[in-house]
Amino acid sequence: MFRTKRSGLVRRLWRSRAPVEGDGEADRGTHGSGGCCMGKTTKAAKTNVGSEAELKALTHSILKKIKEKQLEVLLQAVESKGGARSPCLLLPSKVDAKVGQQSYSLPMLLYKVFRWPDLRHSSELKRLSCCESYGKVNPELVCCNPHHMSRLCELESPPPPYSRYPMDYLKPPDSPDSGPSCSETGGTTYSAPVGLSDSLALQESGERAHWCVVAYWEEKTRVGRLYSVQESSLDIFYDLPQGNGFCLGQLCSENKSQLVQMVRAKIGYGIQLTREPDGVWVYNRSCYPIFIKSATLDNPDSRTLLVHKVFPGFSIKAFDYDKAGNLQRPNDHEFTQQPRTGFTVQISFVKGWGQCYTRQFISSCPCWLEVIFNTR
């Protein structure tokens with residue numbers, strides 16, 4: 001019975017491995033051209049990783065050495081694609097496995113098999129802050145849970161010209177028309193409560209200070225109240241099996257647009273917003289790309305901002321505290337026009353905007369977020 005159950009877990013894990021490009025099921029969001037996550041194709045991984053039979057034999061032999069409870073933890077993480085909260089899978093970090101002509105550490109092999117077949121080096125990865133191994137250097141036991149990791153989004157240099165578009169001038173919240181400017185909406189005027197009054201009221205009532213607030217928009221209409229964030233990490237999602245955070249699916253929206261409803265359904269696990277010592281990171285947990293615009297992602301001397309495409313499973317430092325401090329100069333009109341609470345980051349789900357898209361401004365995107373940082 002013991003062997004039967006263990007063998008069954010191993011077989012289920014192998015069936016749940018990450019598909020490789022060309023098998024018809026490859027993750028459409030992990031690869032592609034454009035945006036910031038570039039130059040990663042699984043075709044090279046297929047030739048380097050050895051034959052399918054060799055990889056299967058090696059994976060089975062390694063998994064059969066893992067404790068049964070640990071196999072259940074791994075299976076929970078893999079089958080739910082990170083949607084279920086799974087504990088750390090602590091295994092020896094020094095064990096090496098050889099596939100073809102290449103040797104991989106045990107964590108790297110599991111990451112390649114269950115998440116990214118094209119993964120080449122550990123430097124391409126970023127550990128999520130929820131993991132026990134986060135911040136630890138060379139521990140004897142390291143977490144090998146594939147869904148406690150993310151791929152680092154590499155910014156292109158120079159950036160592609162199609163993603164450039166003029167800087168949006170954001171007006172102070174006490175301005176009578178503090179919504180997106182007419183230049184952003186193509187000259188259309190509308191009423192939208194973008195002010196921070198509902199968030200500031202939380203502080204006045206005695207609650208601890210927030211480090212950011214999040215607004216959810218559908219096209220030109222803000223849906224629901226501003227969400228004040230005090231915890232270091234926040235999940236923003238539409239449908240998450242064990243979600244704990246900002247659930248967009250619970251907001252009451254009157255938008256009947258088919259496109260909005262389609263994109264809303266694709267938000268799925270959404271994103272994870274995390275405040276870390278070096279800045280604020282965004283991890284794309286969904287199955288579709290997200291698009292981000294932030295002043296600290298680009299050259300501080302630039303008069304334009306880029307819209308960066310972030311594929312599923314990738315993380316990007318959306319806000320850098322040091323860079324933000326350098327941008328707050330009296331002569332920089334764009335940055336002095338930011339709201340008094342700090343900088344904003346705009347994130348669109350599924351649909352991009354800019355000169356190479358039909359949508360020139362984010363207010364034309366079906367579903368998007370505005371993250372306003374409190375730098376006081």
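What you are looking at is a predicted structure, and each value in this text was computed from that prediction instead of being measured. Below, all heavy atoms of this structure are taken into account, side chains as well, without hydrogens, waters or symmetry copies.
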Please report the C-alpha distance between Phe373 and Phe319 in whole Å, then the side-chain angles of each, then the deciding distance to 0.1 Å, and finally whether the ring pair (Phe, Tyr, Trp, His ring centres under 6.0 Å) criterion is met.
-> CA-CA 9 Å; Phe373 297 104; Phe319 188 72; 4.2 Å; yes
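- Partner Trp368 forms a ring pair (Phe, Tyr, Trp, His ring centres under 6.0 Å) with one of Trp353, Trp217, Phe291 and no other, that one being Trp217.
- Checked by atom type and distance alone, the side chain of Trp281 never pairs as donor or acceptor with a backbone atom of Gln272 at under 3.5 Å.
- When each of Arg12, Arg17, Arg15 is paired with Glu79, the salt bridge (charged side-chain N to carboxylate O under 4.0 Å, His left out) condition holds for Arg12 and for no other.
- Checking Asn255 against Ser253 by side-chain atom types alone, no donor-acceptor pair falls below 3.5 Å.
- Of the possible polar contacts, none joining the Arg264 side chain to the Leu248 backbone as a donor-acceptor pair under 3.5 Å is found.
- Lys81 NZ: 12 or fewer foreign heavy atoms inside a 6.0 Å radius.
- With contacts defined as side-chain heavy-atom distances shorter than 4.5 Å, the pair Phe246/Asp235 does not qualify.
- Salt-bridge check for Glu72 with Lys5: passed, with a basic side-chain N closer than 4.0 Å to an acidic carboxylate O.
- Look at Lys317 and Glu276 and you find no salt bridge, because none of the NZ, NE, NH1 or NH2 atoms lies under 4.0 Å from a carboxylate O.
- In this structure, the side chain of Arg115 does not engage the main chain of Lys112 through any donor-acceptor pair within 3.5 Å.
- One finds the CE atom of Met262 at 9.0 Å from the SG atom of Cys367 (value rounded to the nearest 0.5 Å).
- In this structure, Arg11 is not positioned above the aromatic face of Trp14 in the sense of NZ or CZ being under 6.0 Å from the six-membered ring centre and within 45° of the axis.
- Counting only distance, with no hydrogens or angles, the side chain of Asp298 and the backbone of Leu305 share no donor-acceptor pair below 3.5 Å.
- In summary, of the residues considered (Val10, Leu63, Leu13), a side chain to side chain contact (heavy atoms under 4.5 Å, CB included) with Leu75 occurs for Leu13 alone.
- Checked against Ile236 for a side chain to side chain contact (heavy atoms under 4.5 Å, CB included), the options Val371, Leu369, Ile347 give a single hit: Leu369.
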